[in-house]
Amino acid sequence: MKVRFFKSLSFRLTLWYVVILAGIIVLAGFFIHQRFKDGLINDLDARLLEIANDVDDIWSRSRGVSWGDAARTAAEDYRDLAPLIQIVELGDRDEGGIKSLVAPAIGPDKAFTLDERTYRRADRADIDELLYLTVEEKEIDKHPLRVLLLPVRGPVLVQVGVSLRVIASDLQRLLIIVAITGGAVMLLASLGGNFIIRKALRPVRSAVETARRISTEDLSLRIDAGRRRDEIGELVDTFNDMITRLEKSVRKIKQFSGDVSHELRTPLTIIRGEVEVLLRKERSSEEYRRVLQSTLEETHNLETIIDDLLFLSRLEALAGKTLDSPVELDEVLLRVVESREPAVKAKGLRLKLDRVDETEVRGEEGLLARMIANLLDNAIRYTPEGGEVEVSLEGRGGANILSVRDTGIGIPKESIPSIFDRFYVADRSRSRETGGSGLGLSIVKHVAEVLGARIEVESEVGRGSVFRVVFGA
Ligand code: ADP
């Protein structure tokens, strides 16, 4: 599967990143714009107050000057703002309404009156609390008016209005600066972000390519994460460990199938060789009998190997499952021991039953019987005539220990770690001769694993061995 660009992680991460960043920039831009606008309006308000005070000063300084003249002079003084100045005189409340506009509107536009309530509010306002308003209904140069109502003397108010056009160009300039800086920041951030994301994801791409090249034939490839110690590095390490484990198990499987073919081939080669030699000429019935006997034995060996292999694969299928039916282990042990009595007798051995405690374990009877039989068969097989095999089962400190002890040939120290491997036989000629397949202890180990038991071995060459299975410790 090839990842399409728009579906790629780097594209989606960059997109998210850019969207979030754009949101932040827009919010920040809006905030800056508002603060800047408030600042500009505050400055404008200060100038409105200057104009209103100017009107009042001119009127009070020069006797005989009409409000209209004072307003005109002040408008002239502040030409750059093109203020709209009006003088309003309030009538008594019961006379109703605005008594008069004392002076006509001075400024770029026609006079306009606000409602009476607003004028009365301004009249009441003390000097700390001047009444400024933005009048949306009245537009000059397509911008609303900012108006100050300053009560001057008695019922007289100076009304000064300036079009917000004067701050519009500053605001526009700010918007352009914010847009250009924001755009540049976003462009740089998205390019930088994309670069970092791509760099971070590079080992993933190399992992994909390596994984594509890996096959069961070549598991030696590993992904190179450089010296990264981050999550991606951890992922790559885990992936490499997984390939190593896979490589090991593939090697094991190959080795195993090689061993299986070899082990199955040996009896067949023997049978074939003997039968071929036998058929070369006429033989006595005694000779036919001998070869048929040996063929029977080899067939038996083949059967044992195949049975053991099937049993092992059944055990492997059970791995990870819990077997929890209760089994009377002492009864199983006694039954297996009894079934081996003829073999013990035939070999001239002594079989001793030491202590056998009543013991219940969780598992499956068939598996336990097979495990005990394999241990007992080995003890019988590797103990020469006149020797002794001793079996016991005892509960000790919360654990149940089943042990099979013999006074046989023993196992060399260096072989002990390998005896549980499949097809491992310490002494091949002896094992063949005695009918061993090399799978017996491997089965014992797997059964113990499935049942959650532990195996201990002690052995001394020439003196004997003891195998212990420890349940529940
Ligand atoms: P085998 O079928 O050859 O007995 P196992 O897997 O049962 O295979 O045992 C592996 C090897 O361990 C045997 O070939 C033998 O050399 C050694 N072994 C196992 N049990 C004993 C024992 N009781 N005494 C001595 N050697 C033993």
Side-chain angles (χ1 to χ4, degrees), residues 252 255-256 259-260 262-267 270 297-316 333 336-337 339-340 343-344 347-354 367-392 401-450 453-469:
K252 259 194 186 161
Q255 161 102 37
F256 177 63
D259 288 347
V260 170
H262 177 78
E263 295 297 322
L264 292 179
R265 226 191 156 81
T266 315
I270 294 172
E297 268 167 31
E298 292 303 337
T299 320
H300 181 70
N301 278 347
L302 274 174
E303 244 172 24
T304 313
I305 295 174
I306 291 168
D307 275 355
D308 285 352
L309 284 174
L310 288 175
F311 196 82
L312 269 174
S313 65
R314 206 188 122 215
L315 278 176
E316 250 148 40
L333 177 68
V336 177
V337 167
S339 73
R340 281 353 189 225
V344 172
K347 235 192 137 180
L349 303 174
R350 260 171 300 127
L351 181 61
K352 236 176 98 184
L353 260 184
D354 195 22
L367 298 187
L368 285 159
R370 184 67 175 259
M371 176 164 76
I372 300 169
N374 284 5
L375 290 174
L376 203 53
D377 286 346
N378 278 351
I380 297 168
R381 191 178 297 150
Y382 299 107
T383 306
E385 202 180 333
E388 188 180 272
V389 175
E390 185 186 295
V391 178
S392 72
I401 304 170
L402 182 147
S403 66
V404 179
R405 181 189 299 275
D406 64 57
T407 57
I409 58 170
I411 309 164
K413 223 178 207 69
E414 65 279 8
S415 298
I416 290 183
S418 316
I419 55 175
F420 294 98
D421 292 350
R422 286 171 182 180
F423 296 121
Y424 178 83
V425 289
D427 178 347
R428 191 157 284 274
S429 62
R430 189 189 290 263
S431 179
R432 276 206 66 74
E433 193 178 286
T434 50
S437 66
L439 292 170
L441 286 182
S442 177
I443 288 176
V444 170
K445 185 183 93 175
H446 277 79
V447 172
E449 267 168 18
V450 169
R454 192 178 77 232
I455 298 182
E456 293 169 359
V457 189
E458 273 171 40
S459 187
E460 202 178 318
V461 176
R463 300 197 64 134
S465 321
V466 50
F467 284 78
R468 279 190 212 95
V469 186

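Keep in mind the model is a prediction, meaning the values are calculated, not measured. All ligand and atom numbering here is 1-based and tracks the order in the structure.
With ligand atoms numbered from 1 in the order given, ligand 1 contributes 5 (P), 6 (O), 7 (O) to contacts under 4.0 Å with heavy atoms of Gly440. Of all atoms in ligand 1, numbered sequentially from 1 with element shown, those under 4.0 Å from a heavy atom of Leu441 are 5 (P), 6 (O), 7 (O), 9 (O), 12 (O), 19 (C). Within ligand 1, the atoms closer than 4.0 Å to a non-hydrogen atom of Ile419 are 6 (O), 10 (C), 12 (O), numbered from 1 in the order shown. Short contacts between ligand 1 and Arg381, defined as distances under 4.0 Å to a heavy atom of the residue, involve ligand atoms 1 (P), 2 (O), 4 (O). Of all atoms in ligand 1, listed by their number and element, those nearer than 4.0 Å to a heavy atom of Phe467 are 20 (N), 23 (N).
A salt bridge does not link Lys252 to Asp259: none of the charged side-chain nitrogens sits closer than 4.0 Å to a carboxylate oxygen. Electrostatic pairing of Arg468 and Glu458 counts as a salt bridge here, judged by a charged N lying under 4.0 Å from a carboxylate O.
A donor-acceptor pair under 3.5 Å is formed between the side chain of Lys347 and the backbone N or O of Thr383.
A heavy-atom distance below 4.5 Å is found between the side chains of Val444 and Leu441.
Residue contacts with ligand 1 include Gly438, since one of its heavy atoms falls under 4.0 Å from the ligand.
Proximity of Asp406 to ligand 1, defined as any heavy-atom pair under 4.0 Å, is confined to the side chain (atoms from C-beta onward). Looking at Phe420 against ligand 1, nothing comes within 4.0 Å, counting heavy atoms.
For Gln255, the CD atom counts as loosely surrounded, since its 6.0 Å shell holds 12 or fewer non-hydrogen atoms of other residues, nucleotides or ligands.
Taking the six-membered ring where the residue is Trp, Phe467 and Phe420 present perpendicular rings, their angle passing 60° and hence far from 30°.
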